[in-house]
Amino acid sequence: MKRRPVATLKNEIDAVLFAGRILMESGAEVFRIETTMNHIADSLDIEQFEVYVVNQGIIASGTNQLGYQESKVMNVNETAIDLGKLEAVNALSRSLSKKNKVTPSYVFQRLTEINDSSLYSIWTILAAYFFGAGGFSLALGSSPIDSFTAAIAGLLAGWFIQVGASRIHTPFLTTILASAIVSLSVNLFYFLGLGETRSIIILGALMIMVPGGFFVNAVREISHNNFSIGFTLLMSALMTCISISAGVAGMTEILPFADQMTGTFSTETVTAIGFLIRTLAAGIGTVAFSITYNVPKRYLLDIGIIGAISWLLYMILKENFGMDIVAVFIPGLFATLVSKILAARRKTPMTIFLSTSMFPLIPGLSFYRGIYFMLTGSNELAMTHMRTSFVTAFAITIAISIIQQFPLSLFKKRKKQVSS
């Protein structure tokens with residue numbers, strides 16, 4: 001009986017699993033992971049390849065080039081959205097084919113380069129936290145001084161997330177401590193007279209921690225009937241919002257000069273100039289947020305424009321109709337449609353555009369406020385915001401599901417026929 005050779009670290013199955021691990025850790029949806037792994041397996045002449053993606057794990061099997069059947073399981077670390085790596089693996093997969101013969105070692109080398117890469121320096125990311133928090137605060141209707149205060153608080157929280165929390169291996173604890181830093185800094189600034197509306201300053205600073213990518217991916221997985229992973233991602237997003245609420249409420253409670261918030265902020269009637277300022281601020285905030293997700297620079301302008309227009313549509317519809325489901329559904333439909341068009345034209349994953357441009361509409365802040373008011377005993381306000389968050393989530397789910405029904409080929413550029 002012929003003895004099966006010991007599988008080396010850089011054989012075909014290992015190379016495909018490595019690609020799947022990078023995709024999963026970077027926040028790719030199950031369909032993207034399975035499709036990319038199948039394409040890479042095909043380019044490496046792995047026959048009868050099968051892959052199954054589960055929570056924090058990938059199971060793959062196939063017949064390698066030597067004719068031996070292999071089955072392997074790979075554990076996957078905690079997901080940290082990195083859309084730059086997601087796109088890089090997707091681009092590598094597109095470049096591979098059976099005609100262009102490659103070795104597992106070559107694929108491993110390219111994947112290692114992708115896994116070790118970083119598009120932005122720590123200083124750029126910290127600047128993104130600053131402008132993201134300030135931009136979203138202004139988009140929510142704050143004054144310039146409130147926006148600046150939110151930017152400082154966002155910068156401090158961002159520093160802790162990126163630098164100070166390197167030794168903390170529990171994501172929820174990191175979120176609690178980062179939101180506590182936001183609460184401490186904002187309340188301190190407010191006590192010293194730097195800021196006008198404390199609640200809106202806190203909301204703007206917390207926008208950088210809202211789990212927008214996890215929420216969008218959860219909706220997409222559920223719409224594809226991947227309920228296990230979808231609800232896991234959704235629970236992760238909800239737990240993040242709960243952690244944010246606990247951090248803010250806990251820190252406010254122990255500060256002798258701070259009081260718990262007992263109401264929500266209200267903004268004045270928005271003028272044409274106000275709409276313009278808030279629209280531009282939402283675009284800036286969306287771009288800054290995209291940088292923290294490691295989105296390649298060439299997509300930032302597109303994402304900022306989609307985010308700004310989505311927020312403008314939301315404000316107009318909310319101002320005229322006052323219905324949350326309508327005000328979110330139409331912009332959600334717009335953002336999803338444009339994201340799918342850009343993904344088809346640019347030959348890049350739709351997640352890059354959708355997970356970021358949809359961010360201003362994500363119901364994370366409503367859910368945070370619902371939990372916060374529940375913790376502080378304002379049950380009526382808690383129920384109001386919880387209702388808003390679920391209505392918003394439902395509207396976004398329907399918008400994404402509708403656009404996903406259209407085939408991708410419908411949005412691709414058609415090649416011009418050359419007449420003879």
Side-chain angles (χ1 to χ4, degrees), residues 126 129-168 170-211 238-267 285 292 364-386 388-389:
L126 291 178
Y129 279 110
F130 178 87
F131 288 104
F136 280 123
S137 178
L138 205 58
L140 290 170
S142 71
S143 64
I145 187 64
D146 284 350
S147 176
F148 178 75
T149 305
I152 296 296
L155 174 63
L156 294 174
W159 172 84
F160 177 79
I161 293 171
Q162 294 294 320
V163 180
S166 59
R167 296 185 179 180
I168 301 176
T170 305
F172 297 132
L173 178 58
T174 301
T175 303
I176 291 173
L177 295 176
S179 58
I181 289 173
V182 168
S183 178
L184 172 62
S185 57
V186 171
N187 278 294
L188 181 60
F189 290 146
Y190 187 77
F191 178 75
L192 297 174
L194 186 61
E196 300 172 353
T197 309
R198 185 165 55 105
S199 59
I200 199 171
I201 298 173
I202 291 177
L203 285 178
L206 292 178
M207 283 289 282
I208 60 173
M209 288 187 284
V210 171
L238 296 181
M239 282 299 297
T240 299
C241 292
I242 292 173
S243 300
I244 293 172
S245 305
V248 173
M251 178 56 69
T252 304
E253 185 70 25
I254 64 176
L255 292 176
F257 53 84
D259 298 319
Q260 298 288 1
M261 292 174 285
T262 57
T264 56
F265 67 90
S266 59
T267 57
T292 67
L365 283 183
S366 295
F367 191 79
Y368 147 71
R369 285 187 280 185
I371 297 297
Y372 175 86
F373 286 123
M374 187 179 298
L375 293 175
T376 55
S378 302
N379 295 328
E380 186 175 346
L381 283 173
M383 292 304 297
T384 299
H385 288 293
M386 292 295 286
T388 299
S389 65

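Quick caveat: nothing in here was measured; it's all calculated off a predicted structure. Below, each value reflects all heavy atoms present in this structure, side chains not excepted, and no hydrogens, waters or symmetry copies.
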Point-to-point distance, once rounded to the nearest 0.5 Å, from [atom1] of [X] to [atom2] of [Y]:
| X | Y | atom1 | atom2 | answer |
| --- | --- | --- | --- | --- |
| Arg369 | Met386 | CZ | CE | 13.0 Å |
| Phe257 | Asn187 | CZ | CG | 6.0 Å |
| Leu381 | Thr376 | CG | OG1 | 8.5 Å |
| Ile254 | Ser183 | CD1 | OG | 8.5 Å |
| Leu155 | Phe131 | CG | CZ | 10.0 Å |
| Met374 | Ile242 | CE | CD1 | 9.0 Å |

Under a 3.5 Å distance rule, please check whether Ser245 uses its side chain to pair with a backbone N or O of Tyr368 as donor and acceptor.
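At least one qualifying donor-acceptor pair exists.
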Is the backbone of Pro171 close enough, under 3.5 Å, to the side chain of Thr175 for a donor and an acceptor to pair up by distance?
yes
Criterion side chain to side chain contact (heavy atoms under 4.5 Å, CB included) on Thr252 and Arg198, from CA distance to verdict
CA-CA 12 Å; Thr252 304; Arg198 185 165 55 105; 4.2 Å; yes
Pairing residues for Thr149 by the side chain to side chain donor-acceptor pair (under 3.5 Å) criterion, not counting sequence neighbours:
none
Those residues that, when tested against Ser243, pass side chain to side chain donor-acceptor pair (under 3.5 Å) (two or more places apart):
none
Where [X] and [Y] come nearest, the two heavy atoms and their spacing:
| X | Y | answer |
| --- | --- | --- |
| Ala205 | Val182 | CB-CG1, 3.6 Å |
| Ser137 | Ile200 | OG-O, 3.8 Å |
| Ala153 | Val186 | CB-CG2, 3.7 Å |
| Ile161 | Ala178 | CG1-CB, 3.9 Å |
| Ala133 | Ala151 | CB-CA, 4.0 Å |
| Ala180 | Met251 | O-CG, 3.4 Å |

Run the side-chain contact (heavy atoms from CB on, under 4.5 Å) test against Glu196 and tell me which residues pass, sequence neighbours left out.
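Testing Glu196 for side-chain contact (heavy atoms from CB on, under 4.5 Å), a comparison that skips the adjacent residues, returns Ser143, Ile145, Asp146.
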Sequence neighbours left out, what passes side-chain contact (heavy atoms from CB on, under 4.5 Å) with Ser179? Give chain and number order.
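Ser179 satisfies side-chain contact (heavy atoms from CB on, under 4.5 Å) with Leu206, Met209, Ile244, Val248 only.
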Run Gln260 and Tyr372 through side chain to side chain contact (heavy atoms under 4.5 Å, CB included) and show every step you take.
CA-CA 9 Å; Gln260 298 288 1; Tyr372 175 86; 2.4 Å; yes
Please check if atom CZ in Phe130 has more than 12 non-hydrogen atoms from other residues, nucleotides or ligands closer than 6.0 Å.
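Count over threshold, so yes.
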Sequence neighbours excluded - ring pair (Phe, Tyr, Trp, His ring centres under 6.0 Å) pairs with any residue from residues 132-156
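Found Phe136-Phe359.
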Test side chain to side chain contact (heavy atoms under 4.5 Å, CB included) on Phe160 and Thr174; report intermediate values, then the result.
CA-CA 8 Å; Phe160 177 79; Thr174 301; 4.1 Å; yes
Is a donor from one side chain sitting under 3.5 angstrom from an acceptor on the other, for Ser147 and Ser142?
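Per modelled atom types, Ser147 and Ser142 side chains form no pair under 3.5 Å.
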Can you check side chain to side chain contact (heavy atoms under 4.5 Å, CB included) on Glu380 and Phe373, steps first, answer last?
CA-CA 8 Å; Glu380 186 175 346; Phe373 286 123; over 6 Å; no
Ring pair (Phe, Tyr, Trp, His ring centres under 6.0 Å) involving Phe172 - partner list, sequence neighbours excluded:
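Phe172: no ring pair (Phe, Tyr, Trp, His ring centres under 6.0 Å) contacts found.
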